[in-house]
Amino acid sequence: MLPWILLALPVAALAATDNVHGVPPHLRAKYTPLSKGADPTWRCLDGSKEIAWSAVNDDYCDCSDGSDEPGTGACPNTTFYCANEGHIGASVPSSRVNDGLCEPECCDGSDERPGVCKNKCKEIGEVHRAKVAAETKLRKTGSKIRSTYLAFAQKEKKRLEETIASSEKAVSSKQEEVDRLKDLVERAESISQEALEYKKQSLLYQTLMEHHFALKSLQREHQKHLEREKELGDILNSLRSGYNPNYQDMAVLEAVRGWEYLAGLPHINDVKKDDEATPEELGSDEAAEEEEEEDPNMWTPEQLENSLGKLLNTDYESLLLEHDKHIGAPAEESLLFDLSAYIPDVLLPQYETVRDSLLTWLKTIGILKASSNAETADNSRAKQALSDAEKALRSVADEKASSEEELSRLFDPAWFGTDGQFKKLQGTCLEKEVGDYTYEVCLFGEAKQKPNKGGSTFSLGHFASWNDAEGISPGSPEYYGKQHYTRGTKCWNGPMRSVQLVWTCGTENAITAVQELEKCEYEFTGTSPALCLPPDGPENGRKDEL
């Protein structure tokens, strides 16, 4: 039927169809004759010459750029376009046109003469569209999970910024404490034990110690009263809930009413026993009025319970020394110690060496008295306090530095991605059992090979970089398609073990396959939602081709 239809068409129509054979859609408009009439002409696409329109696709190369033969193999280094209706258009080298072989790219068979290749575009297109739909669904689901990773990164950013701000304040506070204790140690080392004992005889110190022992005694008595009050309260609560008011025992009734008033409780007959309010919940108007009239500087019961012990542990000797500094008391140091403030830093070590040697010699011959055990103990306590404060300072400083490093990596393309999408996966360990071994990779950490039946575990390397192949741009989807783990345990008579993790979009974080490409060089294949860009994302800007 088709040959008869073709014969019924005008000759001009047949010629037009032949002339655009193999022309891609974006060039169709350029394949029209320049003039009408009996002998229309056409200009080569490079503009080099004008030829007869009938010479286009006549299987003879007339144009230097080969543009006159888009549908034949007459011109070298040209391409042929297969329309592939029902599927996706594709291009093949013109050298494959009319060679008797059915190219898989041209599922419509248009690269060969009619009847040589069967048109399979409908079947292939249906399979391709089903595959694309499945991939789109996968990416859509995976991208939703990925969005939670992005939200996690933003929360991490906020948390780290708050941690850094808090650490900065802590560092400043700890540094002030270290400076204070350093000054105390220096002052304690420069003052003799006799001078310290003399200072302890001051009225201020004696009064502080009297207050100290008074508070300690009050604390002890307060604790006793609290214990007795609890015991009495338990007894009265038991009496209140268990007595029978019908007996009209006035002594018991008076005791119960008195306890209810004192504790701010309703009468037992007015409420259900199981729903009794506690004194803390109800309270009394009288108590509220008393609290309003109290001096705001008075301690609350909670402070007495929780903070009094800390107050009693105050180092009063340190306070005494700080008091001397506050009032500007002259330091009881010898001229040798005063000189250190005037000596250049470069000469200070030599000076201190000579000074210490001189002091040792003076103590040996009895001119200076050696420090007593009590003085040494006092200095040791002060130094220990300074050491503890310096340790605490280093701890908060390290925490601050660690948080700053984490924050700098959060949106770094070379670490957790431009959107921080991989931060959620840091430390996530994925495993795959293959034969006698279980292979594990802890993302951004270490990869391992673990035997299933006993034996040694080998390190396969630590995270080193993303895909560093030439031509791959940091931050691109291809860049995040591969991770390198290097410098693992050295193989016997071989290289250090290493892993390249090749992964793609998937709804789960998983290792799907493990293979050893070369000796001790492994490839893990896996999936992760972190690589699932939205279906309408930049990765889908291209068109899929066979």
Tell me which one of Phe416, Phe444, Phe422 satisfies ring-ring contact (aromatic ring centres under 6.0 Å, His included) with Phe463.
Phe444

OG/Ser91 to CZ/Phe80 distance, rounded to the nearest 0.5 angstrom?
9.5 Å

State whether the side chain of Thr512 and the backbone N or O of Thr525 hold a donor-acceptor pair below 3.5 Å, judged by distance alone.
yes

Can you tell which of Glu162, Glu399, Lys174 makes a side chain to side chain contact (heavy atoms under 4.5 Å, CB included) with Ser167?
Glu399

Within 45 degrees of the axis of the six-membered ring of Tyr522 and under 6.0 Å from its centre: does Arg497 put its NZ or CZ there?
no

For residues 501-510, dump all side-chain donor-acceptor pairs below 3.5 Å to protein atoms at least two apart in sequence or in another chain.
unit_1, atom_1, unit_2, atom_2, d
Trp503, NE1, Tyr480, O, 2.9
Asn509, OD1, Ser528, OG, 2.6
Asn509, ND2, Tyr149, OH, 3.0

Run the side-chain hydrogen bond (donor to acceptor under 3.5 Å, both in side chains) test against Ser110 and tell me which residues pass, sequence neighbours left out.
Asp108

Residues which pass side-chain hydrogen bond (donor to acceptor under 3.5 Å, both in side chains) with Thr438, listed by chain and number, not counting sequence neighbours
Asn452

All pairs passing side-chain hydrogen bond (donor to acceptor under 3.5 Å, both in side chains) where residues 419-430 contributes a residue, at least two apart:
Glu406-Lys423, Lys423-Gln426

Under the rule for side chain to side chain contact (heavy atoms under 4.5 Å, CB included), what residues qualify as partners of Ile51, not counting sequence neighbours?
Trp42, Lys49, Ala55, Val56, Asp62, Cys63, Asp68

Donor-acceptor pair, distance only, cut-off 3.5 Å: does the side chain of Glu521 make one with the backbone of Val499?
no

I'd like to know if Lys157 and Glu161 make a salt bridge, using a cut-off of under 4.0 Å between side-chain N and carboxylate O.
yes

Hits for salt bridge (charged side-chain N to carboxylate O under 4.0 Å, His left out) against Glu168, two or more places apart or cross-chain, chain-then-number order -> none

For Glu431, give me all partners under salt bridge (charged side-chain N to carboxylate O under 4.0 Å, His left out), at least two apart in sequence or on another chain.
Lys450

All side-chain hydrogen bond (donor to acceptor under 3.5 Å, both in side chains) counterparts of Thr78, not counting sequence neighbours
Ser94

What pairs with Glu177 under salt bridge (charged side-chain N to carboxylate O under 4.0 Å, His left out), at least two apart in sequence or on another chain?
Arg180

Set of salt bridge (charged side-chain N to carboxylate O under 4.0 Å, His left out) partners for Glu433, sequence neighbours left out:
none

Quick one: which residue pairs count as a side-chain hydrogen bond (donor to acceptor under 3.5 Å, both in side chains) with a foot in residues 116-127, not counting sequence neighbours?
none

For Tyr81, which residues count as a ring-ring contact (aromatic ring centres under 6.0 Å, His included) partner, sequence neighbours excluded?
none

What do you reckon, Cys82 and Cys107 SGs under 2.5 Å?
no

